[in-house]
Trainee: 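A single structure is presented below for examination.
So that the names make sense, note that chain A is the first sequence line, chain B the second, and so on, each numbered from 1. Just so we're clear, the structure is a prediction, and the values are computed from it rather than from any experiment.
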2 protein chains.
Amino acid sequence: MSIALRPSQSLRLWQQVALSEVQAGMADLSMRQMAILLTVYLDPPPHTVRGLAGQLGVTKPVITRALDTMGALKLVGRQRDEKDRRNVLVRRTVEGALYVERFGDVIIARARELPI
Amino acid sequence: MSIALRPSQSLRLWQQVALSEVQAGMADLSMRQMAILLTVYLDPPPHTVRGLAGQLGVTKPVITRALDTMGALKLVGRQRDEKDRRNVLVRRTVEGALYVERFGDVIIARARELPI
DNA sequence: CAACGTCATAACGCTTCCGGAACAATTATC
DNA sequence: GATAATTGTTCCGGAAGCGTTATGACGTTG
């Protein structure tokens, strides 16, 4: 059984989750930042700047800047790759894991409240 | 039947939709901007700056700036309320309606692809 | 070991956004 | 009709984003 959403449900879900996040005063991440954050936490490591840039179809400075901002928020960390010291490996953090987990809970809760 | 999502599904859905948007080179809207845009298009009008600020729990300048940016993208419009000329009514646009509709389609498509 | 790739970041000029305070325009109240 | 309240915008210094280009560190190849 695949997840079947009707148009009004899909948009309403997104709205309700976004509203919840804004109302809760959470960090106002952009779509790009969310894509990076979730990719780091959902896809298997390692994650490099170049790899993320390629996956998102953006330039490397875009990734560097996003990592700067989310790093200041402790949502991700950075570490030199000792095997190839040109690479920077994006590391998960405890705070980031908690953030992502909580975010998933919000989605589930709002999905449950959707009108049929 | 309510929409029941498991934790991994909810986060994966959000990631896939965000990735689709970024890869497609769509406007990189923040969570706040998405909340405003979807509220304007999903909730019944009229929408005022003050009303949106109250609903999102942010200050009025935040709404003004978001409307500036999304107005430049033609996603929303503004119109003076002739009944009470202090008010500004946020108007929907053709471009905005198409944007929102397309976005809903992306959510549905990614939801359908979710692993069980 | 020198020349060339590759990686991530820094630098550049510009735009957007922030929170908070001040503002002009409009309406309500006395 | 003067005063007060309300609405949305503008202004402030500062932070963060953009795309593009340049740079520095590291690895690979001749």
Trainee: What is the minimum heavy-atom distance between Arg78(A) and Arg91(A), and which atoms define it?
Mentor: O-NE, 4.2 Å
Trainee: Reckon Glu82(A) touches a base, only the sugar-phosphate, or nothing at all at heavy-atom distances under 4.0 Å?
Mentor: nothing
Trainee: Report yes if a side-chain nitrogen or oxygen of Asn87(B) is closer than 4.0 Å to either non-bridging phosphate oxygen (OP1 or OP2) of dT6(D); otherwise report no.
Mentor: no
Trainee: Heavy atoms under 4.0 Å, any strand shown: does Asp68(B) hit a base, just sugar-phosphate, or nothing?
Mentor: nothing
Trainee: Using whole Å, what does the distance between atom C1' of nucleotide dT29(C) and atom CG of Asp84(B) come to?
Mentor: 15 Å
Trainee: Regarding Thr64(A), tell me which of base, sugar-phosphate or nothing describes its non-hydrogen contacts under 4.0 Å with the strands shown.
Mentor: base
Trainee: By nearest nucleotide on DNA chain D, pick out whichever of Asp81(A) and Ile63(A) is the more 5' one.
Mentor: Ile63(A)
Trainee: Can you find a side-chain donor-acceptor pair between Arg12(B) and Gln15(B) that sits under 3.5 Å?
Mentor: yes
Trainee: How long is the straight-line distance from CG of Leu29(B) back to CG of Leu75(B), given to the nearest 0.5 Å?
Mentor: 6.5 Å
Trainee: Quickly work out the Leu56(B) CG to dC17(C) C1' distance and round it to whole Å.
Mentor: 15 Å
Trainee: Return the value, rounded to whole Å, for the distance between atom CG of Leu89(B) and atom P of dT7(D).
Mentor: 13 Å
Trainee: Select base, sugar-phosphate, or nothing to describe what Arg65(A) touches, counting heavy atoms under 4.0 Å on all strands.
Mentor: base
Trainee: Whole-Å distance between dA8(C) P and Ile36(A) CD1?
Mentor: 13 Å
Trainee: What integer distance in Å separates His47(B):NE2 from dT7(D):P?
Mentor: 17 Å
Trainee: Roughly how many Å is it from CG in Asp28(B) to C1' in dT15(C), rounded to a whole number?
Mentor: 14 Å
Trainee: May I ask you to verify if any side-chain N or O of Arg85(A) is less than 4.0 angstrom from the OP1 or OP2 atom of dA25(D)?
Mentor: no
Trainee: Is the phosphate of dC18(C) approached by Thr59(B) (side-chain N or O, under 4.0 Å from OP1 or OP2)?
Mentor: no
Trainee: Is there a side-chain polar atom (N or O) of Gln33(B) under 4.0 Å from OP1 or OP2 of dT16(C)?
Mentor: no
Trainee: Compute whether any side-chain donor of one residue and acceptor of the other, for Gln55(A) and Thr39(A), lie under 3.5 angstrom apart.
Mentor: no
Trainee: For Met70(A) and Arg86(A), find the nucleotide of DNA chain D closest to each by heavy atoms; which residue's nucleotide sits nearer the 5' end?
Mentor: Met70(A)
Trainee: Are any of Arg80(A)'s side-chain N or O atoms less than 4.0 Å away from OP1 or OP2 of dA8(C)?
Mentor: no
Trainee: Figure out the CZ/C1' separation between Arg32(B) and dA16(D), and round it to whole Å.
Mentor: 13 Å
Trainee: By the 4.0 Å heavy-atom rule, please label Thr48(B) as base, sugar-phosphate, or nothing.
Mentor: sugar-phosphate
Trainee: Which label fits Trp14(B) and Trp14(A): parallel for a plane angle under 30°, tilted from 30 to 60°, or perpendicular past 60°?
Mentor: parallel
